[in-house]
Every structure is written in C-alpha cells, then in structure tokens.
Amino acid sequence: MKKIYIIKAGTTFPATLQKYGDFDDWTVAALGQTRLPLEILDVNGFETLPDWQDCAGVTVTGSHAMVTDRLPWSVRLEQWIADLVTHEVPFFGVCYGHQLLGKATGGEVGYHPRGKEIGTAGIRRLPACDQDPLFSFLPAEFYAHTTHAQSVLSLPAGAVTLAENDFEGHHAFRVGECAWGVQFHPEYSRAIMTSYIEEQAAELQAGDRSVPALLAAVTETPQAAELYRRFRRFVEQRLQTRLSA
C-alpha cells in the first residue's frame, strides 16, 4: 500500500528536543490521524529514497542546514522532489522543504536580503487561494510561526504565490496541481516557537532584535496548523479517487 512519507531533514536544538520532541514528532501530530501507512525517513540514516509510485504523499520538514550549502543528502532530496513533482505526487514542503521545492523546480534560493525572520508573524492570503484545495479556507490575514534566514528569492516558472507578508514575498506557493511549499511552520506550537526564540536569543540581541517583544507576540496559530491536516486529507482523498477509478 502507498505510504505518506515524512522526510526529516535534520534535528532541533538539544534543549527543545528534550522538552518537545523533534521535527518528525511535530509533523506526525500536525498531520493528525491517517488511515494510510506513515513512514519517517531521517536524512542522517536513509541510503535510498522510495520510488514515486510508492508515495501517496510526501512532506519534507524544516532543517538547521542551508540549501545553498549543497549538502549531498540535500542535493539527493532536491532531485527526488523534482521527480515527485513530475509525477504529480502530493508534496508539502515546510521551510527547508519549501526552499527545496523551489530549487528543485527551477527557482532561486538564497539568504534573505533583510536577514532572519523569526516569531509569530501576520501573513496575507492572496487571491490565488480562492481555487486552491489547501489554502481556500484561510482568512485575509492569518498568523504563523516563522524562523528562517534563507528564502525562495525567485519562484520557478509557472508557480502560483499563495501567501506573503511585508518581509517575505513567497511565504507559500504551489507548483503544478499538488506540490506546496510554506516558508512558515504550521507544525510549531506556541511552546515550540517560544523555545526557538529563546534558543537564538543571543544572536537576536546581537542583531538589535528585542527578544522580550518577540516572546510577547507569540501566540497559537490554528489556521496555519490546519494546512497540514488539509494536506493529509487531500492525499487520502486523491488516493481513494484513483483506486476507485
């Protein structure tokens, strides 16, 4: 039976890991209960990636690595993602996964010219969401957790921008019919976002960022979180439709 694959593209800070678990734990919780088999592949352990025909859907987590470092595992993932998109396998990339989707399909990834975006941020829904199976429910503005230094600086040809804010023009996009990338973190809870700010407090203070202000602005982000559940339901329904055809 086809599976939903979670590609774990790294691990979190040690203190955050001890308190809240790791990227794969958050992703499993965010997806919610599924009737499909779920398999986690860690970039530090896998030697081969599954054939696209074995994938009901794929999600790639965030990472503390940088896409521009061109690490061997990252290059392999990038090439694999391009194959998934070609064969219309439902894909959902988060932060690093979002950037890999952009790179794999012809976009440009690099350091954001304004530096790091971090904290709970307001994000605007764009008109293209109206016809999108995942994003159509979102209000004009919603909140999401962010922490990233790199971005998709230019989208691949034909990509559809779904969400933005004043800092990040490509907070969400879709390639083709069923490959999405989100620069924000729908899998983060308020506690995880708080931990990420605290873990990076010295760096933020050195850059004249107000850590108390960032911490005070952290809140839960239920609308962003719903995107992962909608992706899981999309995968389930798509597979059921194809099996019934």
Side-chain angles (χ1 to χ4, degrees), residues 2-31 34 36-87 89-111 116 118 145-152 156 173 175 178-188 192 195-196 199-200 227-228 231-232 235:
K2 290 178 183 284
K3 300 177 181 179
I4 296 177
Y5 285 91
I6 297 171
I7 308 301
K8 183 175 181 282
T11 196
T12 188
F13 297 108
T16 305
L17 176 65
Q18 185 175 14
K19 291 180 183 177
Y20 305 115
D22 212 344
F23 299 154
D24 52 329
D25 302 307
W26 311 338
T27 304
V28 169
L31 283 167
T34 176
L36 295 175
L38 193 65
E39 183 167 343
I40 297 162
L41 296 178
D42 192 320
V43 295
N44 290 319
F46 68 73
E47 295 183 0
T48 60
L49 289 160
D51 188 273
W52 68 268
Q53 296 182 4
D54 297 325
C55 303
V58 173
T59 182
V60 176
T61 72
S63 178
H64 292 185
M66 296 295 165
V67 170
T68 55
D69 288 343
R70 307 294 288 159
L71 299 170
W73 62 262
S74 184
V75 173
R76 277 200 297 149
L77 263 185
E78 182 186 315
Q79 294 167 345
W80 183 63
I81 290 168
D83 191 48
L84 296 177
V85 173
T86 296
H87 291 98
V89 174
F91 178 88
F92 194 82
V94 172
C95 196
Y96 194 88
H98 158 94
Q99 294 165 16
L100 277 182
L101 174 63
K103 185 76 168 59
T105 54
E108 178 190 0
V109 174
Y111 284 94
K116 176 173 286 189
I118 187 168
H145 300 308
T146 70
T147 175
H148 66 106
Q150 294 199 332
S151 296
V152 181
F173 70 96
V175 176
C178 58
W180 291 271
V182 292
Q183 183 58 72
F184 53 88
H185 286 272
E187 80 285 14
Y188 278 19
I192 292 167
S195 186
Y196 260 75
E199 292 277 10
Q200 299 172 83
L227 287 167
Y228 243 137
F231 175 71
R232 184 254 302 163
V235 171

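When reading the values below, keep in mind they use all heavy atoms of this one structure, side chains included, and skip hydrogens, waters and symmetry mates.
Side-chain contact between Cys55 and Trp80 is present, with at least one heavy-atom pair separated by less than 4.5 Å.
A search for side chain to side chain donor-acceptor pair (under 3.5 Å) contacts involving Thr12 returns Tyr196, not counting sequence neighbours. Shown here are the side chain to side chain donor-acceptor pair (under 3.5 Å) partners of His98, two or more places apart in sequence or in another chain: there are none. Taking Glu199 as the reference, Thr16 meet the side chain to side chain donor-acceptor pair (under 3.5 Å) condition, with sequence neighbours excluded. Partners of Thr59 according to the side chain to side chain donor-acceptor pair (under 3.5 Å) rule, which considers only residues two or more places apart in sequence or in another chain, are Tyr228.
Looking at every heavy atom in both residues, Ala149 comes nearest to Met66 through CB-CE, 4.1 Å.
Listed by first and then second residue, the salt bridge (Lys or Arg N to Asp or Glu O under 4.0 Å) pairs that reach into residues 50-71 are Arg70-Glu78, sequence neighbours excluded. Each salt bridge (Lys or Arg N to Asp or Glu O under 4.0 Å) pair with one or both residues in residues 17-28, not counting sequence neighbours, appears once here: Lys8-Asp22.
Judged by distance alone, the side chains of Tyr96 and Ser74 do bring a donor and an acceptor atom under 3.5 Å apart.
Checking side-chain atoms of Lys2 against main-chain N and O of Gln53 turns up a donor-acceptor pair under 3.5 Å. Judged purely by atom type and a 3.5 angstrom limit, Ser63 has no side-chain atom pairing as donor or acceptor with the backbone of Gly10. Proximity of a side-chain donor or acceptor of His148 to a complementary backbone N or O of Gln150 within less than 3.5 Å is detected.
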query: After noting the C-alpha distance and the side-chain angles of Val235 and Thr34, does the key distance pass the side-chain contact (heavy atoms from CB on, under 4.5 Å) rule?
result: CA-CA 10 Å; Val235 171; Thr34 176; over 6 Å; no

- request: Go through the steps for Gln183 and Thr146 under the test side-chain contact (heavy atoms from CB on, under 4.5 Å), then give the verdict.
  value: CA-CA 7 Å; Gln183 183 58 72; Thr146 70; over 6 Å; no

